[in-house]
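Okay, structure first, notes after.
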Amino acid sequence: MTKRLQVIDGYFDDNTFYMRSIAGFPLEGRFKAAGLRSLARLIDENEPFSFIMGQNTMIHVPVVLNRQLKQELFMIVEKLEAEKE
């Protein structure tokens, strides 16, 4: 990947991306390209966006980071799809 991730922290293992945090908030998850693409499509650059993790955890992503977050999700998808080929 030529650009460095700024909002998302995680690592690649085979055809999976393991997410550790978003915007500094802990968020553990294992994602495939299709799931990340679907998630990115849900994000509107001008609307508040939150992740609900389990019963007691909600992560609010500041609207100013939505564009960057969406861009990074698509970058990760591209990398995962390139590794499949």
Side-chain angles (χ1 to χ4, degrees):
M1 210 179 295
T2 57
K3 292 186 179 180
R4 192 162 162 19
L5 299 176
Q6 298 172 0
V7 177
I8 299 172
D9 180 40
Y11 62 93
F12 295 92
D13 185 18
D14 198 23
N15 64 343
T16 304
F17 184 76
Y18 290 84
M19 195 174 298
R20 292 187 285 224
S21 69
I22 291 181
F25 297 101
L27 174 94
E28 292 186 26
R30 181 179 70 175
F31 299 92
K32 302 281 186 177
L36 290 174
R37 183 183 297 106
S38 295
L39 178 60
R41 288 180 178 156
L42 292 173
I43 300 171
D44 182 308
E45 293 179 13
N46 300 311
E47 296 290 326
F49 185 76
S50 300
F51 291 95
I52 299 172
M53 304 299 295
Q55 295 178 345
N56 301 320
T57 306
M58 182 178 289
I59 298 172
H60 300 285
V61 177
V63 174
V64 296
L65 296 178
N66 283 7
R67 176 181 284 169
Q68 182 68 28
L69 175 59
K70 190 171 186 170
Q71 197 173 40
E72 289 183 20
L73 288 169
F74 281 127
M75 287 169 47
I76 294 166
V77 168
E78 287 177 20
K79 170 91 170 156
L80 289 171
E81 289 178 339
E83 297 219 352
K84 280 187 349 186
E85 297 173 358

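Below, all heavy atoms of this structure are taken into account, side chains as well, without hydrogens, waters or symmetry copies.
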Does the [X] side chain pair with the main chain of [Y], one donor and one acceptor, at a distance under 3.5 Å?
X: Glu72; Y: Val7; result: yes
X: Asp14; Y: Thr16; result: no
X: Lys70; Y: Ile43; result: yes
X: Asp9; Y: Ser21; result: no

Is the shortest heavy-atom distance from the side chain of [X] to the side chain of [Y] under 4.5 Å?
X: Phe25; Y: Met58; value: no
X: Leu39; Y: Phe49; value: yes
X: Gln68; Y: Gln6; value: yes

Is the CZ atom of Arg20 crowded by more than 12 outside heavy atoms at less than 6.0 Å? yes
More than 12 foreign heavy atoms under 6.0 Å from CD1 of Ile52: is that the case here? no
Could you tell me the separation between the [atom1] atom of [X] and the [atom2] atom of [Y], rounded to the nearest 0.5 Å?
X: Glu45; Y: Gln71; atom1: CD; atom2: CD; result: 8.5 Å
X: Leu36; Y: Ile8; atom1: CG; atom2: CD1; result: 7.5 Å
X: Tyr18; Y: Asp13; atom1: OH; atom2: CG; result: 5.0 Å
X: Leu5; Y: Tyr11; atom1: CG; atom2: OH; result: 14.5 Å

Among residues at least two apart in sequence or on other chains, which ones pass side chain to side chain contact (heavy atoms under 4.5 Å, CB included) with Pro62? Val64, Leu65
Side chain to side chain contact (heavy atoms under 4.5 Å, CB included) evaluation trace for Val63 with Glu47: CA-CA 6 Å; Val63 174; Glu47 296 290 326; over 6 Å; no
Is there a side chain to side chain contact (heavy atoms under 4.5 Å, CB included) between Asp44 and Asn66? Walk through the geometry before answering. CA-CA 7 Å; Asp44 182 308; Asn66 283 7; 5.7 Å; no
Cation-pi check for Phe12 against Lys79: NZ or CZ below 6.0 Å from the six-membered ring centre and within 45 degrees of the axis, yes or no? yes
Picking from Leu80, Leu73, Val77, what satisfies side chain to side chain contact (heavy atoms under 4.5 Å, CB included) with Phe17? Leu80
